[in-house]
Number of protein chains: 12
Amino acid sequence: MEIAVVHGPNLGRLGKRLPEVYGTKGLDDLAADLRSAFPGVKWTFFQSNHEGALIDFMESSEADALIINGGALAHQSYALADALEAWERPAIEVHISNVFKREVFRHKSLLAPKVNGQIYGLGIKGYLLAAQWLIS
Amino acid sequence: MEIAVVHGPNLGRLGKRLPEVYGTKGLDDLAADLRSAFPGVKWTFFQSNHEGALIDFMESSEADALIINGGALAHQSYALADALEAWERPAIEVHISNVFKREVFRHKSLLAPKVNGQIYGLGIKGYLLAAQWLIS
Amino acid sequence: MEIAVVHGPNLGRLGKRLPEVYGTKGLDDLAADLRSAFPGVKWTFFQSNHEGALIDFMESSEADALIINGGALAHQSYALADALEAWERPAIEVHISNVFKREVFRHKSLLAPKVNGQIYGLGIKGYLLAAQWLIS
Amino acid sequence: MEIAVVHGPNLGRLGKRLPEVYGTKGLDDLAADLRSAFPGVKWTFFQSNHEGALIDFMESSEADALIINGGALAHQSYALADALEAWERPAIEVHISNVFKREVFRHKSLLAPKVNGQIYGLGIKGYLLAAQWLIS
Amino acid sequence: MEIAVVHGPNLGRLGKRLPEVYGTKGLDDLAADLRSAFPGVKWTFFQSNHEGALIDFMESSEADALIINGGALAHQSYALADALEAWERPAIEVHISNVFKREVFRHKSLLAPKVNGQIYGLGIKGYLLAAQWLIS
Amino acid sequence: MEIAVVHGPNLGRLGKRLPEVYGTKGLDDLAADLRSAFPGVKWTFFQSNHEGALIDFMESSEADALIINGGALAHQSYALADALEAWERPAIEVHISNVFKREVFRHKSLLAPKVNGQIYGLGIKGYLLAAQWLIS
Amino acid sequence: MEIAVVHGPNLGRLGKRLPEVYGTKGLDDLAADLRSAFPGVKWTFFQSNHEGALIDFMESSEADALIINGGALAHQSYALADALEAWERPAIEVHISNVFKREVFRHKSLLAPKVNGQIYGLGIKGYLLAAQWLIS
Amino acid sequence: MEIAVVHGPNLGRLGKRLPEVYGTKGLDDLAADLRSAFPGVKWTFFQSNHEGALIDFMESSEADALIINGGALAHQSYALADALEAWERPAIEVHISNVFKREVFRHKSLLAPKVNGQIYGLGIKGYLLAAQWLIS
Amino acid sequence: MEIAVVHGPNLGRLGKRLPEVYGTKGLDDLAADLRSAFPGVKWTFFQSNHEGALIDFMESSEADALIINGGALAHQSYALADALEAWERPAIEVHISNVFKREVFRHKSLLAPKVNGQIYGLGIKGYLLAAQWLIS
Amino acid sequence: MEIAVVHGPNLGRLGKRLPEVYGTKGLDDLAADLRSAFPGVKWTFFQSNHEGALIDFMESSEADALIINGGALAHQSYALADALEAWERPAIEVHISNVFKREVFRHKSLLAPKVNGQIYGLGIKGYLLAAQWLIS
Amino acid sequence: MEIAVVHGPNLGRLGKRLPEVYGTKGLDDLAADLRSAFPGVKWTFFQSNHEGALIDFMESSEADALIINGGALAHQSYALADALEAWERPAIEVHISNVFKREVFRHKSLLAPKVNGQIYGLGIKGYLLAAQWLIS
Amino acid sequence: MEIAVVHGPNLGRLGKRLPEVYGTKGLDDLAADLRSAFPGVKWTFFQSNHEGALIDFMESSEADALIINGGALAHQSYALADALEAWERPAIEVHISNVFKREVFRHKSLLAPKVNGQIYGLGIKGYLLAAQWLIS
């Protein structure tokens, strides 16, 4: 089984940007955690600051399931939401922080109605819970 | 460790009401699943159609953590949100269905900013993931 | 055939509260009128100021049809609307006064999309017309 | 006693248009039903697709009471609402379908605050209930 | 010089409808007042409850100037506003009552930006002042 | 094959009203252009400033397809939209000017969701393209 | 009979500011016109850029009637509206330009519901018409 | 003279919940303060987390005056507002904190238009001022 | 101890303007009441219809505490709110009438978040309660 | 003559994504249809999921005319709208589906006011009609 | 060359009020800085808490250019905006703090569309940059 | 000291696009002006039509300060605003034109609360003033 983990803008600097909000672990740590917890899964990681590159990736990926954290694009990109609607395989949206405690614009995700479910605010561990659900 | 699982109005009929939305498992099944998966936890279950009874329960409970599915009260009760703010212990909000695919009034939870995080749309399994996070 | 007649908050004082709006007949008079006009029906009457008690009643009632006047809860309770959606038997919403001539918040009933139809503004007689439709 | 029954745009095709919403009975069937149920009433029927013609009719009619289904004009015509306010005799607004289950624009009737009461969603029988109230 | 005086829906009953708002003078009285005060003007009077008839009149009229009281259509008819924009001759909008003391929907006239000016709330005399401006 | 071409208020003066917006060709020129380009089609032309007359026409017409330019009624008439929904044959909405460059109220057409498609802003030629699509 | 003519901010420069909107006549010309047209009236003129001074004037004035052009304060000053409500004598609001053709904030006058009527868009002559109504 | 002091949800924990907002005194301290300051008054205290229980209390209470702090229900319960409207005796609404410095939803009280007046933000002493007004 | 009592526009006519709303006592009576009830306080009274004069006063005043009734400026003046924020000493906002029973614009006070608390709707006595709180 | 045909995000999968909405033809089929129908035109095709790439293309293209289907970017990209405004040559916006029957966010195109006209809802044939207009 | 520097309400206390927002320099320091940096300019300084006084000043000033910081009036005074529109000479609006990080009401300046440009958030130095632009 | 100057979409064509709005100078001229005026600064220039590329640049840049003109992305890109928030060094936002005189969507910059200050509407010279502030 292959699971793709997709991150949107500014998340490449995870662990360095706003550590009081996002924690100090980076994308590499996340990848290591996921590989270690689910060694039987084929993991694919993709991060880009480019909306178009995220859509390109999703169009060409043949993974069986998706974990997506769109960053700010979750709140502004109908194009990414359209791509997610065309994915047609299991998908979970993750946000590391509790977006409902932050600015109003982060309270509404355009991606949310296009996925199976959401895990928000549970930090890096949210990805592990998402993976657990996808493989169960 | 004690975890309280609190359900709001109409969830007493879980498994019978709208099974195409909520599935066919009832609260008893959920309790059995949680006890079986986490035998070391002391589980307390509480369901009520009364906003006041939910607040009464939360005021008197001495559990270490909370999993709450407020039902429709999640979207309309500032009183419940105030009670949750006064809880001051770990708490996760769960919705069984993907609320963002349903009526607009369900898109906004007044409880969401008062908890650590949210798990929405992942069915009965969402409670198990919530428990796993709380005990980790 | 059994018909349940459910009244929400403040309607226990019907006939005493705001008689220029609601008239001088109380719930007892209403019950007498219905029993007299439809002697072959088994009538069940329930009034409560508690949203939760109204939902409890609807969950346990086995009546064949429902006439509901939710009082102010008609305009604010998604939980009651959810309970009504789960009723799945004939139901009519009644308001005694013409709510569209009163405060704006009374112009929108959350219960209205969950019932077969509405009879508003026709006074106590509105219940009799509702009963007539339900038994026809 | 004379009762006028007024229908607005597109209701001339009642029974043919959207039968899954409005049923298969036409205006002629409705007239027959009313005459048969209330033979002592003098019935006047008027249907027009023209807002102006509806107002002309109401200005010249000398009926004792009115049953009005304004069709889409109920939701958009302040001119018809002004005419109804000038009617100054008993009047009931009827909609055949439950307008609160349909498009949002149908949830607000400009005519509603100008009549005694409303009967919505009870099909063709709603007119019979209205008549019963008017003659009682 | 020819001046056309155009009235919209429900104004045919001027003097009879809502006399506490509109006064007791009718359209005939108004015509007499205008003819008497400005005998040198050729007066044309037109009233209709039909939006289309008002537009027909304006398309065919060759009057030099216009006084228009659209009634409720002033607040809802873009079609009438378009016709007024195509008039391209002097025009004044009159309302007999002070619309800003009445329902909110009457506070905005769609016709107002299409005329030279407005005279509101000055009763029947408003037409005489309008005429005086048009001939000066 | 019969195609009906329906025009709403103020379009009878096409070619004379606002020529810098609508061009100098009138409805007769349009008819000639259509007859000349599609001689095999039976053409029916109808223009009215009366909403009711437009609905009457559509109720009685037996044409195979419709081209409709509702004028200002496109933006204000739910009754016309209801009639169009009942048409149940191919239909295209045309606007001569680019409505999105004009006043905000013209940006939303109530007719648009009731037709197959829209051709806006392409002048008189828009009708010819519409015809071409309908017969193809 | 005494009539007070009150002007708000920026109107002291009438005739110099935006002559394409307001014309070239100044307040002095207006005074001369009014005195000449109505020699039997005792005229009082007051202009101020200070909201407080306008209210002070109105509190102390003993004129029999008022013509007021509040300038931009008409659209922003509830304090001036309160003062006008306390005036309790005949009053007319005048705007020189057709405010409904200008910025949206000028479409709503807070003073309008506090006066007898309004004359807008008829230039300097609007004051003369207002005076004529007040003395009639 | 009897004065009823009614508290809504979460106020049972006054003195323990959010002491930086509400202070450290509890309901018992408040009762002691009131009894001590106004020994001649018969005091009745009622607190509930249940909207329905608050309405039940108000329906059955025969006190001469009311001091009410509805907690979060002040901002969300039309049913409580209706009960207060039916109270028809002197009543004052109190909030301990300055609600206008807190979340926006607390800025609007549904109870405020149903009482004589409001005392907000003056801490526990606000109740003493309210009592002083009621007995004066 | 010095307390300044500041009144905004139109309140100079207290006792004369709208006595059914504000009562018949004037500012002089209020001053007498306060001096009599709290003889140990040094009282300073200031009323102005000028927003600027109110700010000037507050900038120069060295009183220990403030009671302010801004009149209509309470609802429209951010400048006055800024001045109040800079006051940095105890302050209470008073309204004589229950503003929540009046026009919507009076429901929101820009001054409210800048003071310690509010006393609304308790008439002239509200000032005495405010004074009592400030000196306690 | 050269015509550029530009497609935005997710349209590269045309024919595969949501065939019940967009049909089964892909971009290659569209290109073939256009080349076949208009062999004298020099056709340039460009599709990208990258907003920036679309703008880059438009900045460098020297085509004589443009047909653009921006996909979801039509509804969210002011940057693309700015690029289109700078195009300054004939351009038509096409949507394959009737966007007015779909989600609300698709009802407003930011590109619409920047082109000559729009053809919506007519499927793949919409491009052929657009081409016909551009070359006529 | 003469440059007028105009300050609105509460800015007379610059350096004393909210120093963490506005810094510790006062208007005198600002004047000294400007005179020192641009000795060839004739400087005129004007500050008032009175909207009317600011307009009076601008009507009578014959300076060649203007630097204006309207304080809270920037966000509430259409009268001041009208005066600025009538200025018709170069003008720059300055705010000392970054208004977009503060309350929402400060995000919109009514003065902004009436000046050449804006310099916000750059502290006292913003005035020096404004001056440099005006004399260049 | 190094200053980065970043430009968003469509600004690569500065000097050619809309010269009546933006002037005739291009990015090269701007670079020359800045190098000439501040020869001691190390200047880095970056322009892209790609939101992602702008974020990439900002993530990797080690400049000491930033001048940013986001073009249309200033008004629509939360992702760019997030990147700017993570910049954590001095930054100024510049717009060449007075955005408050243009379309409404340009009045709100998402970048504005993330920078030290703004300079809008002062043309190419705005960059020079920004530089002067950054190096002072």
Side-chain angles (χ1 to χ4, degrees), chain B residues 6-24 26-28 46-59 68-81 83 93 95-112, chain C residues 4 6-12 44 46-66 68-91 93 103-116 118:
Chain B
V6 171
H7 284 88
N10 296 303
L11 285 160
R13 301 191 65 236
L14 191 67
K16 276 166 278 181
R17 187 172 66 106
L18 295 177
E20 72 284 8
V21 176
Y22 294 111
T24 56
L27 286 189
D28 285 353
F46 186 74
Q47 189 275 333
S48 176
N49 293 332
H50 297 246
E51 177 193 63
L54 296 166
I55 300 172
D56 288 348
F57 174 84
M58 288 173 64
E59 283 193 352
I68 186 164
N69 179 340
L73 287 179
H75 314 295
Q76 77 186 82
S77 172
Y78 285 114
L80 194 55
E93 188 192 19
H95 281 292
I96 294 168
S97 65
N98 184 343
V99 289
F100 302 109
K101 286 184 176 169
R102 300 177 66 197
E103 303 99 311
V104 167
F105 81 83
R106 294 192 209 271
H107 296 194
K108 176 170 182 178
S109 163
L110 304 180
L111 309 184
Chain C
V6 172
H7 284 87
N10 297 300
L11 285 160
T44 312
F46 186 74
Q47 189 275 331
S48 177
N49 293 331
H50 296 247
E51 178 194 61
L54 296 166
I55 300 172
D56 288 349
F57 174 84
M58 289 174 64
E59 284 193 352
S60 64
S61 165
E62 298 193 339
D64 301 293
L66 184 73
I68 186 164
N69 179 340
L73 288 179
H75 314 295
Q76 76 186 83
S77 172
Y78 286 114
L80 194 55
D82 276 3
L84 204 43
E85 188 171 43
W87 173 261
E88 296 182 338
R89 279 156 282 170
E93 189 193 19
E103 304 98 309
V104 167
F105 81 83
R106 293 193 210 271
H107 295 193
K108 176 171 181 178
S109 164
L110 304 180
L111 309 185
K114 311 298 190 189
V115 294
N116 292 77
Q118 302 80 28

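Just the heavy atoms: all of them, side chains too, but no hydrogens, waters or symmetry mates, feed the values below. In the text below, chain A, chain B and the rest are named by the order of the sequence lines, each starting its count at 1.
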Could you name the residues of residues 103-114 of chain C that have a heavy atom within less than 4.5 Å of a heavy atom in chain B? C:K114
Residue selection (most heavy-atom pairs with chain B, distance under 4.5 Å) from C:L54, C:I55, C:D82: C:D82
Report, in residue-number order, which members of residues 68-77 of chain C are under 4.5 Å from chain B by heavy-atom distance. C:Q76, C:S77
With a 4.5 angstrom heavy-atom cut-off, is it the side chain or the backbone of C:A53 that approaches chain B, or both, or neither? both
Nearest heavy atoms of B:H50 and C:G52, plus distance in Å: NE2-C, 3.3 Å
Under the side chain to side chain contact (heavy atoms under 4.5 Å, CB included) criterion, do C:E85 and B:N10 qualify, and how do the steps go? CA-CA 10 Å; C:E85 188 171 43; B:N10 296 303; over 6 Å; no
Does B:E20 have more than 12 heavy atoms from other residues, nucleotides or ligands lying within 6.0 Å of its CD? yes
With B:Y22 via side-chain hydrogen bond (donor to acceptor under 3.5 Å, both in side chains) - residues at least two apart: B:R102
Partners passing side-chain hydrogen bond (donor to acceptor under 3.5 Å, both in side chains) against C:Q47 (at least two apart in sequence or in another chain): C:N49
